[in-house]
Each structure stands twice: as C-alpha cells, then as structure tokens.
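Heads up, the thing below is written out as structure tokens.
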Amino acid sequence: MSAEISTAYEPQLVEEKWYRIWLEQKSFEAKTQSNKPSYAIVVPPPNVTGVLTMGHVLNTTIQDILARRARALGKEVLWLPGMDHAGIATQNVVEKRLRAEGLTKHNLGREAFIKKVWEWKERYGGIIIQQLQKLGCSCDWSRERFTMDPEYICAVQQTFVDLYQKGLIYRGKRMVNWDPFYQTALSDEEVISTPTMGKLYYVRYGVVEEPGTFLEIATTRPETLMGDTAVAVNSGDLRYQRFVGQHCWRPFPRTKIPILCDDAIDPTFGTGVLKVTPAHDKLDFEIGLRHGLEVVDVMNPDGTLNALAGEEFDGMDRFEARQKAIEKLRDLGLLVREEEYQNNVGYSERGGVPVEPRLSEQWFLKYPRIKETLQAVSSGQICFRPERWVKTFEHWIDNIQDWCISRQLWWGHRIPVWYHHDDPGRIYVGTEPPLDKENWRQDPDVLDTWFSAWLWPFATMDEETRRRFYPTQDLVTAPDIIFFWVARMIMAGFEYQGRIPFENVFFTGIIRDLQGRKMSKSLGNSPDPLDLIEKYGADGLRFGLMRIAPHGQDIRFDEKQIEEGRNFANKLWNACRFRQLQGPRTDALAPDPFSPYSAYILHRLNETVDRIENAFRGYLFTEVAQSLYEFVWSDFCDWYLEAAKTELQNQRESVRLNCLSVADHVLSSVLRLLHPFMPHLTEELWHRMSFGDSTIQFAPVNNVRVDVARLNPVDIAFAQRVYEAATVTRNLRAEYRIASNKRVRMILEPAESADFSVFGRLVNADPLDVDPKVVAKPGVPVAMTPLGQVFIPLEGTIDLSAEKERLRKEIAKLELEIAAVQKKLGNESFVARAPAVIVTKHRQREKDFMKRLDQLRERMAGL
RNA sequence: GCACGGUUAGCUUAGCGGUAGAGCGACUGGUUUACACCCAGUAGGUCGGGGGUUCGAUUCCCUCACCGUGCACCA
C-alpha cells in the first residue's frame, strides 16, 4: 500500500503525471497486429487555428469515454486524432498578422504567403492538441494527421481527378453564393439565412409604349436596378396582361427593357411586378435564362459597384449605393413609397456579411452515391443517435444540389487543373502537372475545406491501418455539421472504400449559457475550459459535464455542475482514504458468508453494473455517470461505509477482513467502471490502493458482478430495513432538535430478533436498549420503523403537547395517503381492470399504512 | 410556411401509463473512526394551458401558447 492519502484530492499533479506516463507507455497506440477485436473512432478534426471550447470538451470527452470503455472491454482501440487546415479561418488569421506588419497577401505573392501560413502553423497552429491532452484524451498521437499532410493532399487530388474523370465534377458559370468580404464562392451550406429588418421600396418604371403610364414594382434591393434587363409579371395576372411585349424605362442608366411574363412571379407579392436582374438574383437569373435576357453584372467581387452601374456608382459600396439609388429615385419622382419589411438575408457563415448572389465560373460536384447514402441511414445500417436526426438528414438528401467546391483562397488544396496558355479551352486535369508545364497555367483556386474533410475516415489511415480499423465504429460530432461533414463522409466511404465509414453517429447537444444562448466569442459567455481544468481538474470537468449532458439535448452550462464533478472526485478519494486507513489490501472477496450490509452493497453493485451496461448500449452517458455518482455517494459512502464502521470494530478478525474484502471489491470495481469518465483520478487511486500492478486502462470490467448465489435475499432485505429504520429515526431526532452528533439513549421494541448494533450506530443511539416488553411513558417520542418502534426517552420534562402535535401531523399525513389508496381500491373498475400485480401492490400498501396508523393512534391514546 | 426538439421544486434536471426523484440554492442542527470539496434533517411541485383516450395520464393522442433548431420563401 502506498503512502497515506492526503485529506483533499489535488488533481493538477496527478493528472499531468499520469498523462505523461500513458504517453511514455504508448498505451494509446493502436496495434494492427494484436488479436483483439477492433474498435475505432476518428476525431472530428478541429481547426488548426482552434482553441479548446466547451463544445470540444463535450465532444472529446464522449469519444474518450467510448475509447477507454472499449479498451476495458478488451478491444484493440484506435482513436485517430488530427486537425483540419480550415481554409478561410487560417488564411484570415495569417492575413491579420500580416496586416499588423503592414503587409497584405497580395504584395507578398501567393508562394510567399503560403510559406507564411506554414510558418504560422508550425509555430502557433494546433494549440488545441496540447489542450486536448490536458483533458486526458487517449488518442493515438502517433497517427495524428493534418488535412494538408503530403499523403492527404495526394488523396484529395486523386479524388478530384477521379470524380472529374467520372464526369461528376464539372466547371460551370452559375449563380453562386458570394462572400464579398473574403471574396470567395461558398456552398449553400455555408449561408445562414437570418431574419433582417429592411425596407420594401415601391418604384415606378415608365412604360415606353404608353408614356405617362407606369408599372409599379416592389424591391428590397434598389441598388441592383442598374442591372435590370427586364420587368416580369405572371402570365395569369390580368392587371398587367396588356403590357406584356411592351417595354419599360429602366430609370438609370436609362434604357428600354422588355416587359415579359414568367410563371415564377407570384402575383400576390408586392405589386406582382418583378424587376429582373439576372446577374444579382438566383430567381432572376433563371428567368433570364428562360427568356434569353442580357446579364449585366454591376458589381465587383468586393461588393462595390462597377462602371456598368453608371459613373456616379462606380466604386461605391453596395449598401451606400442602395441609399444613393433611393435618393435618385426620389429625385426622379419614381419612388412611390417605402415600407418596413422583414426578410431573410443570407449571411456568410465565416465572413459575417450578407452573401451576394453572383454569377461566376466555379467547380461543382454532382454528389456520388446519394442513393446508397440515404439508404444506409434510413435503413439504420448507420445508426444516428438520437434517431430524430435521420429526418433532418433525409430532408437534406432529398433536396440536394450540386456542391460548389472551388474557393477563391490561397490556403488549401489547389485544384489540380491546368489551362493551356494558347487555348484556354484546353484543360488538363491530373495529380501531376502537365509535362510542358510552361505552357499551362494552374487553376488559381483551392477546394472547399470540406472537400478534404469528407475523406477523413480513410484518408487518415495507411493501408495496414485501414485493413484493420476501417470502417470505424463510432463518430461523435455536433449536429450542425450533419450536412457539411457526416453526409459527405458516407458518400465518400461508399465511393472509395465501397462501404460505410462508421456504424454509429452520436450527435451531441450544443452547450448554451444559463440564458440559453449559444456560447460564442463575441458574447463572451463561454468559459475557458483550461480555467475550469485549473480550478476543478480535468476529471472534475469531464464528469461534471457528462452528468448534465442529456442525451441529444442542448446543455445549459452552469459552473456549479463542474464543481460537483470536483466534489465527487474528492468524495471517492476520501472513500479510498478511509479504506486505506483500515489496513492493507485484501486479496479477493472473502469466501465466508457476507454480512447483510455487505450483501446489500454487492447487490446494489450488481444493479449498478446492469444500469451502466444498459446505458452504454444506448449511449446514455449521463445515465452512466449518474449511476456511478449515486452508487458511490449514497450506497457506498453514506450507507455501506457507515455500517461498516461497526463491523470494522468487531473483535473477530474474520468479520473485519470479510468487510474489507467487500470494500475492496466495490472500490476496485468503481474505479474500473468510472475510469472512462475520470481517467486520472481512477488511475491514481488504482495504484495507491494497490489494486493492480499495471495501468487501470486495460483492467477488465466484465468481472465486477458478484455471484447472486452468494447474496442472501433475506440479508439484503434486512439491511434495507435497517437503513429505512435509520432514516425514520433520524427524522424523529431532528424533530426534537437533538443534535445529530449527540448520543442519546433509545429503546427499540423489536419486531424481529436480530443484531441491531449497526442500527444503533447509524442513529447515534447510546445505549440502544432492545426490549420486547418496553412500556414507554406517555409522551415519549416514538418512531415507527420497519425494525419496530423506537423510543427516545428524553431527559427532563416530557413535552406532552409537542409529541401530541407531532403525532397528529403524522397521522394526518398518513390518513391522506390511506384515503388515496382506498379511493383507488374502492373503484370497482380499478380492481376489475387493472393488472393484478398493481392491485395487490396497493392492497399491501393499504395494509402497511393501516398498521402504522394503528400504532400511531395507540400511541396518541396513551398521551 | 414545413419539419424536429423542449416546457417537471427558485436554478440545473431525471422519470415517460400505476405512491413525482436527484443535485445546487434556501432553511435547521452538526468537527461523529474518510471527506466542510463534508454529515444529519426540513421546506419547496395543481409535471406550460385546454381537450381527449384509459379503471388510472407528468407519461399516449389532439390542440393552443411560449422557447430553441433546421429547411423553404425571401420582389
């Protein structure tokens, strides 16, 4: 047995020490050669720019729990970590630094800029990896991957080339979501539509053929009117039928534009007349296509207007231009009115600015394997937890659009396409540059970061690892990347490995603050997990968080809960301390019969193991944590250890040892069961208590249950009666304001013959007189317990009225219960139609109540 | 507009057809063979509103309200 345990658990040193040892022992490294069954998870790669958030803590803790649990169940575990190169985010970070030095990426040039990014990555990137280690994550760091590793780049390029050759990737000039801040195209998924207060402007366009007649149109974006190339109405709209085929005057730059009809126009919206701006609106673009309209792009990539908008708008920001356009319309007398109007505006997820629908030439992917992917999830071959996300997923798949995969960034996977200098129509697509490189120009764009992430479950593995560990078993992620990542990974899995990438997807909740708001940097409502680790220990943080993370529900974060985690660590620590003070470790459960209290705690241990196993099967981590918490704190500490204190005083060494062996079995079991949640603490105690010579990580958890044949039900029931009796008696003590530490004489009129010494100790009775023929004076406080009546003869004068009052209250309470039961039993329908078990149960309750009522009344009558 | 969640003690929440349960906070008492990061005890709930099914509904169904999320519309 190691050095005596201190009185309070201090996690900092312990946690650091064990993590170092685990790394030294390489216990997290997955061995492809082992003959254990495989278990694999790949981490959702955090951004290389990322720092640890509460979301990461939640997500990673769950993965660590799964990984450690699998190790304890004898699996060969691969938990593969890594990072994502995060195109926009990383480029942004580096550009900011450059700006501080008075530089821009443009005056550096592409090559030098990329070099800077790598330098930044080597110096500052991946802080999050160290932070994850502080949490205790058991990732196989020897297999850490980065989405810009040379092999990974290769895999991404091969994928591009392959899909191009299959005709699934194509280049096209289309309307895309354009982020004017970062000046890049985005995928539909990266656009967040946000209700925004704006105005609806009603504007008059003069009809060319009928001077003096106007068509009134409603628009939220007057700044695009300079790009109008038509005005459109619904063909069925009688109000405007006669104008179709005529022309309107576009106010400025003033020109004639046709009036046409198109069924995409909703006659009930606004005035039913739409100004058609094919270059700046998706719907308008489609109308333009149908009617062969000219496309006039009046905007620059940065969101300013260009010369086509007219000299006075040239170079002006789009929102300034809106005001200017309104003024001009007003001056021209064309602005009829404006009204407050709320509409949804698409914002760039990253750039935070309104997205501009923009016509541009981009690369698109027709998603492969859509059918199989849908089928895999719908059929449950891939199991989503909670299941309800299946619907969200199916809905997305059903409405899937081609994926815009090119980004106008420099940091990322460069598109492996070259255009010939002499003939730009000639293109070359390949993983290697063309042989006569000098005659070609490579596409300047890079691929969407998710185009590399979707290969993650297999592109991170070498041949051997893949053979052994693909497909993986579990994926743990937040539901907000279900489309970005999860869905696409399944497609890639089918396309490139011929099978699903994972069997289960566990979607975590989102961590919110106490007001229910998402945690965000800008709100400043996100606690720094590292501070929490500092204050409560990584184990405290992990356990505290898991205990409040309801299955698939958002989590309201409260630091108090983390404090609970720390307190629990301390509780277990002290339980071990207490055990250690009683003497050296025992070898195994004693072969002799158990005391009732031992039988009871072992029975509860069995129940707890059942509960935990069920919970694990359902991925109910909160339930696992809660079971262990209750078992340790209540069953073991509050009841067993207190009962054990009597047995440990027993003169007979065999009784003592028997009790200690039970405590050892329970503690050793708890440590193993709890290890996935609190890895450091349990490892420390495992060694301090000498429960094992080597790490607890691989100590089996399937041998915890105690043979039921050894647990006498009669004993278990007796212990339960003792505990119940203790509770009732303590209530009585408290009613009479007897300090809990004060020893008082009590008299038990026993309902059975047994050893009541533990009971006496639990209620702090000294002495406890057991007297079957006790005649208590009237007014002596009494507790009706399952062990019999317990009297507390108080010194001094007996307060008759106090006891009367107390009894009266208790009787009243009981009568209410009895009335309820009798009402139930008096209902013929109930007796006839309810299951017999239930009826019997209530009959028994009635009997028990009546018996107690009689006792109470008798006592009352004696006063 | 469509879909999916949620609404239980002051707070965070468990339970999801048969006696409403925990932790925190509040209150009372307390250094008893580990633990004040603790121990013993008390108070506090018409389980969001309304309807229905049932012998019985917090639990199942319908409906309304509010909160959250996703998708669509977004002139």
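Throughout, a chain's letter reflects where its sequence line sits, starting with A, and its residues are numbered from 1. Predicted model only: the values in this text are computed from it and were never measured.
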Listed nucleotide nearest any side-chain atom of [X], set [options]:
| X | options | result |
| --- | --- | --- |
| A/Phe578 | B/rU19, B/rA34, B/rC55 | B/rA34 |
| A/Arg556 | B/rA40, B/rU12, B/rG68 | B/rU12 |
| A/Gln561 | B/rU12, B/rG18, B/rC74 | B/rU12 |
| A/Phe830 | B/rU12, B/rC73, B/rC55 | B/rC55 |
| A/Leu641 | B/rC38, B/rU13, B/rA34 | B/rA34 |
| A/Asn343 | B/rC74, B/rG18, B/rA40 | B/rC74 |
| A/Asn741 | B/rU31, B/rA34, B/rU33 | B/rU31 |
| A/Phe849 | B/rU19, B/rC55, B/rG18 | B/rU19 |

Could you give the distance separating [M] and [N] at their [atom1] atoms, to the nearest angstrom?
| N | M | atom1 | value |
| --- | --- | --- | --- |
| B/rU59 | B/rC47 | C1' | 10 Å |
| B/rA34 | B/rG10 | P | 37 Å |
| B/rG15 | B/rG51 | C1' | 25 Å |
| B/rA57 | B/rU8 | C1' | 14 Å |
| B/rA36 | B/rU42 | P | 24 Å |
| B/rA14 | B/rG23 | P | 16 Å |
| B/rG5 | B/rC16 | C1' | 16 Å |
| B/rG30 | B/rG68 | C1' | 45 Å |

Look at all strands and tell whether [X] reaches a base, only sugar-phosphate, or nothing, counting heavy atoms closer than 4.0 Å.
| X | result |
| --- | --- |
| A/Asp480 | nothing |
| A/Asn344 | base |
| A/Lys560 | sugar-phosphate |
| A/Glu216 | nothing |
| A/Leu200 | sugar-phosphate |
| A/Asp284 | nothing |
| A/Arg845 | base |
| A/Arg566 | base |
| A/Arg733 | nothing |
| A/Ile217 | nothing |
| A/Ala834 | base |
| A/Pro195 | nothing |

Problem - Cation-aromatic face contact A/Arg488/A/Trp403, 6.0 Å, 45 degrees - result: yes

Exercise for the section: May I ask you to decide if the ring planes of A/Phe568 and A/Phe543 are parallel, tilted or perpendicular, using 30° and 60° as cut-offs? Expected result: parallel

So which nucleotide does [N] pair with, by the Watson-Crick or G-U wobble rule with both distances under 3.5 Å?
| N | result |
| --- | --- |
| B/rC38 | B/rG30 |
| B/rG1 | B/rC71 |
| B/rA57 | none |
| B/rA65 | B/rU7 |
| B/rU46 | none |

Does a side-chain N or O of [X] approach OP1 or OP2 of [N] to a distance below 4.0 Å, or not?
| X | N | answer |
| --- | --- | --- |
| A/Trp639 | B/rC39 | no |
| A/Lys571 | B/rC39 | yes |
| A/Asn567 | B/rC38 | yes |
| A/Asn731 | B/rU42 | yes |
| A/Lys645 | B/rU33 | no |
| A/Arg577 | B/rA34 | no |
| A/Arg743 | B/rU32 | no |

Exercise for the section: Could you check A/Glu724 against A/Thr727 for side chain to side chain donor-acceptor pair (under 3.5 Å), going step by step and ending with a plain yes or no? Expected result: CA-CA 5 Å; A/Glu724 264 176 58; A/Thr727 303; over 6 Å; no

Practice task
Let me know the distance between CE of A/Met175 and P of B/rC74, rounded to the nearest Å.
Solution key: 13 Å

Problem - For atom NZ of A/Lys282 and atom C1' of B/rA72, their distance in whole Å - result: 12 Å

Problem - From CZ (A/Phe269) to CG (A/Leu274), nearest 0.5 Å - result: 9.5 Å

Problem - Pairwise 5' ranking along RNA chain B for A/Thr727 and A/Lys841, keeping only the more 5' one - result: A/Lys841

Handout entry: Closest-nucleotide ordering on RNA chain B, the 5'-leading residue of A/Ile192 and A/Asn764
Key = A/Asn764

Could one point to a donor on the side chain of [X] or the base of [N] with an acceptor on the other under 3.5 Å away?
| X | N | value |
| --- | --- | --- |
| A/Ser740 | B/rG29 | yes |
| A/Gln649 | B/rU33 | yes |
| A/Lys391 | B/rC4 | no |
| A/Glu630 | B/rA14 | no |

Exercise for the section: May I ask you to check whether A/Arg547 and A/Gln626 show a side-chain donor-acceptor distance below 3.5 Å? Expected result: yes

Side-chain donor/acceptor pairs under 3.5 Å, residues 228-236 of chain A, sequence neighbours excluded:
| unit_1 | atom_1 | unit_2 | atom_2 | d |
| --- | --- | --- | --- | --- |
| A/Asp228 | OD1 | A/Lys275 | NZ | 2.9 |
| A/Asp228 | OD1 | A/Thr277 | OG1 | 2.7 |
| A/Asp228 | OD2 | A/Tyr205 | OH | 2.6 |
| A/Thr229 | OG1 | A/Glu294 | O | 2.9 |
| A/Asn234 | OD1 | A/Gly236 | N | 2.8 |
| A/Asn234 | ND2 | A/Ile265 | O | 2.8 |
| A/Ser235 | OG | A/Asp263 | OD1 | 2.8 |

Handout entry: Centroid-centroid under 6.0 Å between A/Phe506 and A/Phe621 rings
Key = yes

Problem - Ring centers of A/Trp389, A/Phe393 separated by less than 6.0 Å - result: no

Completion exercise
Residue set satisfying salt bridge (Lys or Arg N to Asp or Glu O under 4.0 Å) with A/Arg322, at least two apart, ordered chain then number -> A/Glu223

Exercise for the section: Might you work through the side chain to side chain donor-acceptor pair (under 3.5 Å) test for A/Glu559 and A/Tyr536, ending with a clear yes or no? Expected result: CA-CA 10 Å; A/Glu559 192 171 322; A/Tyr536 306 110; 2.8 Å; yes

